[in-house]
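This report concerns only the one structure given below.
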Amino acid sequence: MDISAEEIKEFWRGWCLRRKIAPELVAKGEAVIEKDPERWADETMDQLLELIRG
């Protein structure tokens, strides 16, 4: 089953909302997802958050 970049970003937004993640980090995460959506379809959102937090 293929998942689109937009579907991954929607999941990311919901995940961040539930954890009260700052909007600027949500936007950074979306930019990372957009660059390589296939990777983030297979990775966990925790890993993405750690990547953008630095």
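The figures that follow rest on heavy atoms only: side chains count, while hydrogens, waters and symmetry mates do not. Note that this is a predicted model, so its numbers are computed, not measured. Position 1 is the first residue of the sequence; numbering continues from there.
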Worksheet entry | Audit row: Lys28, Glu24, side-chain contact (heavy atoms from CB on, under 4.5 Å) steps and yes/no | CA-CA 6 Å; Lys28 284 182 180 182; Glu24 59 272 7; 5.5 Å; no
Worksheet item: For Met45, does its backbone N or O pair with a side-chain atom of Trp12 as donor and acceptor, under 3.5 Å?
Response: no
Quick check for you: to the nearest 0.5 Å, what is the distance between [X] atom [atom1] and [Y] atom [atom2]?
X: Ile21; Y: Leu48; atom1: CD1; atom2: CG; value: 10.0 Å
X: Leu49; Y: Trp15; atom1: CG; atom2: CH2; value: 4.5 Å
X: Glu50; Y: Arg53; atom1: CD; atom2: CZ; value: 6.5 Å

Response to the item:
The residue among Arg13, Lys9, Lys35 that forms side-chain hydrogen bond (donor to acceptor under 3.5 Å, both in side chains) with Glu30 is Arg13
Practice prompt. Can you see which heavy atom on Ala5 is nearest to which on Ile33, and at what distance?
Written response: O-CG2, 4.0 Å
Worksheet entry | Minimum-distance pair of heavy atoms, taken over all atoms of Ile52 and Gly29 | CD1-N, 3.8 Å
Worksheet item: Going through the checks in order, is the side-chain contact (heavy atoms from CB on, under 4.5 Å) test met by Trp40 and Leu51?
Response: CA-CA 12 Å; Trp40 296 108; Leu51 174 73; 3.8 Å; yes
Practice prompt. For Glu7, look at atom CD and say whether over 12 heavy atoms of other residues, nucleotides or ligands are found less than 6.0 Å away.
Written response: yes
Worksheet item: If you count the non-hydrogen atoms of other residues, nucleotides and ligands that lie under 6.0 Å from CD in Glu34, is the total more than 12?
Response: no
